[in-house]
Colleague: 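Encoded as structure tokens, here's the structure I'll be asking about.
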Amino acid sequence: MFTGLVTDIGEIVAVREVADGLRRLEVACGYPGASIGEGASIACAGVCLTAVGIGEAGGRTWFAADAAAETLKLTTVGRWREGTRINLERPLRLGDELGGHLVAGHVDGVATVTVREQMSDMDRLELRTRHALARLIAAKGSVALDGVSLTVNEVAGDTFSVLIIPHTLKVTTLGQLAVGEEVNLEVDLMARYAARLIEAR
């Protein structure tokens, strides 16, 4: 489990196919190498990936993680290339402060930025996603966009908006998002389970 509070911005330094439908990514990061154990979970732009290798090059730690076909199809991971910058978060530990909201790292799909508005003290993003996910998003509820915990401002049909404060713009990749770009979207866990219970009746 994660909280949606980004602790580092990583950079993709290598991408290679290791099998049919399986891609290995190497991510440079600021975490001490000794703090990453093989098999550790790391949220990469909101996608929970498992570290399968750890090393150091050029004075920077890197970890390797494999992305399977489903992840490549449903998320932005399939479009990551060398140089792509991604939000990173280490998993929540028992006793840690829950500063954002509970994020599983199981991305539901993508959302596309349709409007970016620079306000006096923050930025407003408007995004569109498929109806099956949009119906699970509520005003004043939570979403994770590229692994960042955000409060939903408004919802209208398949479109929703969020307000992003300067600190978040500075310490995550959201500050560089442009209209037309896609982000990984994870809806609130409670909304997902509530919908499933209703469908099961």
Side-chain angles (χ1 to χ4, degrees), residues 1-10 41-50 67-68 70-78 86-117 119 122-169 171-175 177 179 181-201:
M1 299 296 288
F2 305 90
T3 67
L5 298 183
V6 170
T7 53
D8 192 20
I9 294 180
S41 295
I42 300 176
C44 300
V47 181
C48 181
L49 297 177
T50 301
E70 186 76 358
T71 298
L72 297 174
K73 182 177 73 172
L74 289 180
T75 74
T76 63
V77 176
I86 57 173
N87 297 319
L88 300 177
E89 184 187 354
R90 305 294 297 274
L92 181 68
R93 294 180 297 182
L94 198 62
D96 282 353
E97 179 181 354
L98 181 57
H101 73 282
L102 285 176
V103 177
H106 303 156
V107 169
D108 296 291
V110 297
T112 304
V113 180
T114 57
V115 175
R116 179 166 194 137
E117 180 184 357
M119 304 171 72
M122 66 186 73
D123 280 13
R124 177 181 176 274
L125 294 183
E126 196 169 291
L127 305 101
R128 183 181 303 277
T129 190
R130 55 190 172 92
H131 178 72
L133 296 181
R135 70 186 183 89
L136 302 176
I137 299 173
K140 311 310 175 191
S142 298
V143 291
L145 298 180
D146 271 355
V148 181
S149 173
L150 295 167
T151 300
V152 177
N153 188 40
E154 296 176 326
V155 180
D158 295 343
T159 300
F160 65 97
S161 65
V162 294
L163 300 175
I164 308 178
I165 63 173
H167 174 76
T168 303
L169 293 170
V171 302
T172 74
T173 61
L174 299 186
L177 269 182
V179 171
E181 292 188 317
E182 291 183 331
V183 292
N184 293 319
L185 167 66
E186 181 180 327
V187 300
D188 186 65
L189 284 169
M190 291 176 62
R192 189 188 301 164
Y193 286 120
R196 184 70 186 100
L197 287 170
I198 293 170
E199 291 169 359
R201 286 181 178 176

Colleague: Looking at A144, is its backbone amide N or carbonyl O close enough to the side chain of E186 to form a donor-acceptor pair, meaning the two atoms are under 3.5 Å apart?
Modeller: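 No.
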Colleague: Hey, what do you get for CG (L145) to OG1 (T168), rounding to the nearest 0.5 Å?
Modeller: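 These two atoms lie 11.5 Å from each other.
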Colleague: To the nearest 0.5 Å, tell me how far S142 OG sits from L150 CG.
Modeller: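 Rounded to the nearest 0.5 Å, the OG-CG separation comes out at 8.5 Å.
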Colleague: Could you work out, with side-chain contact (heavy atoms from CB on, under 4.5 Å) as the rule, every residue matching D123, not counting sequence neighbours?
Modeller: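 In terms of side-chain contact (heavy atoms from CB on, under 4.5 Å), with neighbours along the sequence ignored, D123 is linked to R116, Q118, L169.
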Colleague: Rounded to the nearest 0.5 Å, what separates atom CZ in R90 from atom CD1 in I42?
Modeller: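 The distance works out to 5.0 Å.
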Colleague: For T71, does its backbone N or O pair with a side-chain atom of T75 as donor and acceptor, under 3.5 Å?
Modeller: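 Checked: pair present.
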Colleague: Measure the shortest side-chain to side-chain distance between L185 and V143 over non-hydrogen atoms and say whether it is less than 4.5 angstrom.
Modeller: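 Of all side-chain heavy-atom pairs linking V143 with L185, at least one is under 4.5 Å.
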Colleague: Under the side-chain contact (heavy atoms from CB on, under 4.5 Å) test, which residues partner V6, sequence neighbours left out?
Modeller: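 N87, V148, T172.
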Colleague: Could you check whether any side-chain heavy atom of I137 comes within less than 4.5 Å of a side-chain heavy atom of V187, counting everything from C-beta outward?
Modeller: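 The answer is yes, as the side chains (C-beta and beyond) meet within the 4.5 Å cut-off.
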Colleague: How far does CZ of F2 sit from OG of S41, to the nearest 0.5 angstrom?
Modeller: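 Spacing of CZ (F2) from OG (S41) equals 5.5 Å.
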Colleague: Closest approach of A134 and T129, non-hydrogen atoms and distance?
Modeller: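 A134 and T129 have their closest heavy atoms at N-CG2, 3.7 Å.
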Colleague: How many angstroms lie between atom CD of E182 and atom OG1 of T112, to the nearest 0.5 angstrom?
Modeller: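 Spacing of CD (E182) from OG1 (T112) equals 4.0 Å.
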Colleague: Can you give each donor-acceptor pair under 3.5 Å made by side-chain atoms of residues 151-159, sequence neighbours left out, with the distance rounded to 0.1 Å?
Modeller:
from: D158; atom 1: OD1; to: H131; atom 2: ND1; distance (Å): 3.1
from: T159; atom 1: OG1; to: R128; atom 2: NH1; distance (Å): 3.4
from: T159; atom 1: OG1; to: R128; atom 2: NH2; distance (Å): 3.4

Colleague: With sequence neighbours excluded, tell me which residues meet salt bridge (Lys or Arg N to Asp or Glu O under 4.0 Å) with K140.
Modeller: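 For K140 there are no salt bridge (Lys or Arg N to Asp or Glu O under 4.0 Å) partners, ignoring immediate neighbours.
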Colleague: When you look at M119 and L163, which way does the side chain to side chain contact (heavy atoms under 4.5 Å, CB included) test go after all the steps?
Modeller: CA-CA 9 Å; M119 304 171 72; L163 300 175; 4.0 Å; yes
Colleague: Please check if the side chain of D146 supplies one atom and the backbone of N184 the other of a donor-acceptor pair under 3.5 Å.
Modeller: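 Confirmed, D146 side chain pairs with N184 backbone.
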Colleague: D8: which residues meet the salt bridge (Lys or Arg N to Asp or Glu O under 4.0 Å) condition with it, sequence neighbours left out?
Modeller: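 Per chain and number, D8 pairs via salt bridge (Lys or Arg N to Asp or Glu O under 4.0 Å) with no residue.
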Colleague: Determine, step by step, whether L127 and T114 satisfy the side chain to side chain contact (heavy atoms under 4.5 Å, CB included) criterion, reporting the C-alpha distance in whole Å, the side-chain angles of both residues, the deciding distance to 0.1 Å, and the verdict.
Modeller: CA-CA 5 Å; L127 305 101; T114 57; 5.7 Å; no
Colleague: Closest heavy-atom contact between P166 and M122?
Modeller: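 Shortest heavy-atom contact: CD-CA, 4.5 Å.
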Colleague: List in chain and number order the residues that pass salt bridge (Lys or Arg N to Asp or Glu O under 4.0 Å) with E181, two or more places apart in sequence or in another chain; answer none if no residue qualifies.
Modeller: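 E181 satisfies salt bridge (Lys or Arg N to Asp or Glu O under 4.0 Å) with no other residue.
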Colleague: Please walk me through it: do V110 and V183 pass side chain to side chain contact (heavy atoms under 4.5 Å, CB included)?
Modeller: CA-CA 5 Å; V110 297; V183 292; over 6 Å; no
Colleague: Going through the distances and angles, do T3 and L102 end up as a side chain to side chain contact (heavy atoms under 4.5 Å, CB included)?
Modeller: CA-CA 5 Å; T3 67; L102 285 176; 5.9 Å; no
Colleague: With the side chain counted from C-beta on, respond yes when M1 and L189 share a heavy-atom pair under 4.5 Å apart, and no when they do not.
Modeller: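 Touching, per the 4.5 Å side-chain cut-off.
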Colleague: Are L125 and V115 side-chain neighbours, meaning at least one heavy-atom pair lies under 4.5 Å?
Modeller: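 No, too far: nothing below the 4.5 Å cut-off.
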